[in-house]
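For reference, the structure is listed below as structure tokens.
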Amino acid sequence: MPVPPPTPAALPDSALTRFLQRYAVAPLLQSVRNSQEVTPYNGFFGSDRHRIEVVLLRVRPDAAQPRRLLVTGKSRFKGEIKDLQGFIELTALQRQPALNKAEQAYEKHLESMRMVTVVRLPGAAKAVGHYTLTGHFDWQEVAGTGRFAGRAVLDIATTDRQGLWSGSLRKTAGARGADLLFDGQWTNGPSGPAKPFILVENVTGFAEHVLEDFEVGERDIVINPKYARLGWDSYWENDEWWAEPMKSTARANITE
């Protein structure tokens, strides 16, 4: 692995204010994008790191506190689905240093090993700056006592069209390859047991920090079958579990 450049200090607080005034961060964090695509966050729950999923169905700025984003979503763990409600509060902004020559060469090597070719379409937006937003989050189970809380680390890129992408330049700093990362604890009530969890947007870019040999293969990368018992055997299935309550309601109306 090439040696990365030093991690820069956080930018002045005023820079975060200007950034949030200029760019809409909330839509980037939503699992629902373009009104159609839904991309669940995946993660690792408890000491055994069993798979957990979360969809953030709606993220919107708090009118009274611009740095606070109000969140509505759902979680699924071992087949149990629960509604979530809470916030993400952003507190700091720093730059992601550009890849140096050694890092660029290493990335090209990985692309060639995996037979990956990145093609930029004519006229497509391009990244012009890379940043890491940090803060904290607190999501409460609506019909339960569970609470997810911890630190948010969001690697993002600004584009030449005033847009935002999620994206980690490297796995050694910021969100460490996760693109968007939520790292904290789940607690069951004020005095209940606490369990660690990590939730990420890009699980294949991050999982090596948590589970050994998570990806296997050289050219055709797959999730290691030994982690099927932890719920990763269904990772590629698109069952739209977040929409199940709506489907149940529709079926009930038909039978009536």
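Between R68 and E89, at least one side-chain N (NZ, or NE/NH1/NH2) sits under 4.0 Å from a carboxylate O, which counts as a salt bridge. A salt bridge links K74 and D83; the closest N-O separation between the charged side-chain nitrogens and carboxylate oxygens is under 4.0 Å. Salt-bridge formation is not detected for the pair D233/R51: no Lys NZ or Arg NE/NH1/NH2 atom is positioned less than 4.0 Å from an Asp or Glu carboxylate oxygen. Salt bridge annotation for R67-D13: present, with a cationic side-chain nitrogen under 4.0 angstrom from a carboxylate oxygen.
Checking side-chain atoms of Q185 against main-chain N and O of K195 turns up no donor-acceptor pair under 3.5 Å. The backbone N or O of E201 sits nowhere less than 3.5 Å from a side-chain atom of S166 that would complete a donor-acceptor pair.
Between F182 and Y41, the ring-plane angle classifies as perpendicular under the 30° and 60° cut-offs. Relative ring orientation between W139 and F148 is described as tilted, the plane-to-plane angle lying within the 30° to 60° band. Using cut-offs of 30° and 60° on the angle between ring planes, the pair F44 and F206 is tilted.
Listed by chain and residue number, nothing satisfies the ring-ring contact (aromatic ring centres under 6.0 Å, His included) test with H130 (two or more places apart in sequence, or in another chain). When the side chain to side chain contact (heavy atoms under 4.5 Å, CB included) test is applied to P2, the partners found at least two apart in sequence or on another chain are A102, E103, Y106.
Counting side-chain heavy-atom gaps under 4.5 Å among Ile, Leu, Val, Met, Phe, Trp and Tyr, the cluster of L70 also holds F87.
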